[in-house]
Amino acid sequence: MTQTTDAHALESVSGPGGKPRGRRRSDGRLRRLARALEPVPWVAPATALILFVVIWPVIAMFQTSRQSFDSMGFDHGSAGWTNFTKLFDEPVLDGVLIRTVIWVVAVVTITMVTSLGVAQLFNKQFPGRKVARWALIAPWAASVVMTAIVFRWMLDPNNGALTVLAHDLGLVKQFNSTNWLSEQVPAFCWEIFVAVFVSVPFTTYALLAGLQAVPSEVYEAAKLDGASVFRTYWSVTLPLLRPALLVACLINVMNVFNSFPIIYEMNGGNANSSDATTTIFMYTTQQSSIGEAAAMSVVNFGFIIVIVLLFLRASKWNSAED
Amino acid sequence: MLALSALGVAGAMALTACGSSSSGSSKSASGGVTTINLLAADYGTAGTSNSSQTYWQGIADAFHKANPSIIVHVQTIAWTDWQAKTTAMFQAKQYPDILEGDAPQEFAADNLLYPLSDVMSSTTVTNLIPVFEKQEETNGVAYGAPFTTSARAMFYNKKLFAQAKIQPPTTWAQLQSDAAAIKALPGGNIGYDMPLGPEEAQGESLMWMLGNDGNYTDGTGKYAINSANNIATFQFMAGLVKAGDTEAGPATQDRKVAWQDFANGTVGMVGGSGALIPIIQAAGKLQSADYGVVAMPGKSAPLTSALAVHDDITAFKTGGHAAQIKAFLDFAYQDKYQEQFDNEYDLLPATTSASAALSASNPVDAGFLAAVPNAVQYPTNANWTPVLAKIQNTIGAAVNSPSAASGVLGQLQTFANSSN
């Protein structure tokens, strides 16, 4: 549509040079239109790309959520809103939603607090600092799937490294008697632990970069003014660290919300989705009901939009203060 | 019927590529020679002598010798890749002439298959074990034939039983006391291993349901997952779990783990099929005298009808080679090929005559074969596939506590009634 209009406009613009026309008024209008459309060739590829890789899948997802599919993937026509009503009638859905909130809040909070401390430590001079900094990269560099599998094996009720340790310490009386990963609460706690474990490196480095950007003069000034260590941290370090904190926090929220491999590899969300978050629940549902899983995706998409809006708002608030 | 399929690859973890790369339409007749394509699942390991490629190629070569005008082109795909690769082929409308592996119902509904009577002589058809043959029907017409089968029974570890001074159980109560006795032995052994994780929860569940006159469906074929009997069954199972008579966390336990643990000698009892035997041999911890096989205990008596599953042969009419397919299938269903397959993979035959021959020659298989004629199988309801997926992901939660059973089974019943 835009392309054709554009082509016509360009033709008529090149026209007037050779053949002057009587109708000056429409000529001027065309020229204005051409000028207005001038950026189109420049932004069209990017727009097309966004339409193709973002908007189109979103539309397809909405359409899928309104269709009735059988398990072989054959489309049996419109399902109206029944996929959504089925989804909202799922007895486990409430638990899944609450768990998703707990998952995001717990993982991000623990990660941020831990990383603040570690970043502070890494910002100090100490022997072996380089080695320690490198070591922290390991959990980040390793595949998340691999880390999750390693922890699953370490927790094996028969011969996992952690089980053996707990047995030797007398915490576990007999092998094969407890399986943390099949019990709802312990499994979820371990999954949160692993999520924190893989999130801390990135967060630490983001905060470390922020800390290193704080000029030493402000600390000298605080010292001259007689500020205590705590006061310096609270009134100098944290406010100057805010941009880094904000970015790290929001990236973590997105990551953790969308995180699939940790829970999937450790216990697949447990029987009857008792450890599942919305992403895992969508995957499990998709095996038995494609339409309902698409409805779950649409709901997830809604959550993402909310997070993005919060992010935009927060970054605006941030730049306004700068 | 992928239930059976996993058996063959339980030991072979490696991803294996398909045995042959060529595919496509089967309309290649040159000089009076017709080529028909056979696509089969690989129950062994590709590239080795126990690959099903070798098995089928042997039949194809012998068949070609007897029928010079027909060439059978064999392609096998490992079970681990089966679903993904075959789905891609079928979606691209690449159909073989003969398919060994999947159940016929969904293809029959799409009008892709020959009725069995068009591609198999009546003598071969009547030789099929009736209980499996009945499962092939869609609206009263059979569109497939069972090719290989397996039955379930309970394996027990004779060493542990002797150490605990107990006898193999015939009832649930005995099973519970035996499991507790094994649990009480030093060394952290598992009494009864109850794999209710997503890999094969449907099999373990049905073995228990059968012990209390339950099933997934009632006598009329309607779903009855949350029948009073089934709820009572799962309450009993939850009691076992709570008492610590099973492995910790049955709700997420996979069957391959349970079987491996049994093969390692740390499990007292586990439900299994013939496919467990090669795993035991590979582990090398138990000799053949160290384990026994008995019928699965029921509430008050052992099961008289065991759970049995089968993989099927179907013939596609898209290539239009009914006569050639018929000649080949009649050839391939000879007793010697059935027996060769079953001895290779520790599975059971699909024909009556091969069963009789195998019972005589193989004492272990004879025990399983005895259970086959009145075996119970999974439902063939139109929406069984999604219901199966739901059961695999959900039913383990029913043993988390005795009070969980009715809720979880009720949830499954609601799903089964409403899904398509």
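Note on naming: letters A, B, ... go to the chains in the order of the sequence lines (proteins, then strands), and numbering restarts at 1 for each one.
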K.L.:
Mind checking the CZ-CG spacing from A/F175 to B/N189? Nearest 0.5 Å is all I need.
P.N.:
12.5 Å
K.L.:
Under 4.5 Å from any heavy atom of chain B, what part of A/T178 do you find: side chain, backbone, both or neither?
P.N.:
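Only the backbone of A/T178 comes within 4.5 Å of chain B.
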K.L.:
Applying a criterion of heavy atom separation less than 4.5 Å, what residues of residues 137-159 of chain A form contacts with chain B?
P.N.:
none
K.L.:
What's the verdict on salt bridge (charged side-chain N to carboxylate O under 4.0 Å, His left out) for B/K390 and A/E90, showing C-alpha distance, side-chain angles and the deciding distance?
P.N.:
CA-CA 12 Å; B/K390 191 77 172 177; A/E90 285 281 354; 3.5 Å; yes
K.L.:
How far apart are the C-alpha atoms of B/T252 and A/N270, what are their side-chain angles, what is the distance that settles it, and do they pass the side-chain contact (heavy atoms from CB on, under 4.5 Å) test?
P.N.:
CA-CA 6 Å; B/T252 52; A/N270 215 337; 3.3 Å; yes
K.L.:
Where is the tightest heavy-atom contact between A/N272 and B/V408, given as atom of each residue plus distance?
P.N.:
ND2-CG2, 4.0 Å
K.L.:
Which distance, rounded to the nearest 0.5 Å, do you find between the OG of A/S288 and the CG of B/N383?
P.N.:
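The OG atom of A/S288 sits 11.0 Å away from the CG atom of B/N383.
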K.L.:
Give me the atom names and distance for the closest heavy-atom approach of B/A389 to A/Q287.
P.N.:
CB-O, 3.6 Å
K.L.:
Could you go through B/K183 and A/N176, starting from their C-alpha distance and side-chain angles, then the distance that decides it, and tell me whether this counts as side-chain contact (heavy atoms from CB on, under 4.5 Å)?
P.N.:
CA-CA 10 Å; B/K183 168 92 178 168; A/N176 286 324; 5.7 Å; no
K.L.:
Considering all heavy atoms of both residues, which atom of B/G396 and which atom of A/A271 are nearest to each other, and what is their separation?
P.N.:
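Where B/G396 meets A/A271 most closely, the heavy atoms are C-CB, 3.8 Å.
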K.L.:
Which atom names give the shortest non-hydrogen contact between A/N179 and B/A248, and what distance separates them?
P.N.:
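So the minimum-distance heavy-atom pair works out to ND2-O, 3.2 Å.
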K.L.:
Over all heavy atoms of both residues, which pair between A/Q174 and B/G188 is shortest? Give the atoms and the distance, please.
P.N.:
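In this case the closest contact between A/Q174 and B/G188 is NE2-CA, 3.3 Å.
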K.L.:
As an exercise, state the distance from CD of B/E247 to OG of A/S182, rounded to the nearest 0.5 Å.
P.N.:
8.5 Å
K.L.:
Is the closest side-chain heavy-atom distance between A/Q184 and B/N400 below 4.5 Å?
P.N.:
no
K.L.:
Does atom OH of A/Y264 have more than 12 heavy-atom neighbours, drawn from other residues, nucleotides or ligands, at distances under 6.0 Å?
P.N.:
no
K.L.:
Nearest 0.5 Å please: distance from the CG atom of A/D89 over to the CZ atom of B/F415.
P.N.:
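Between atom CG of A/D89 and atom CZ of B/F415 there are 13.5 Å.
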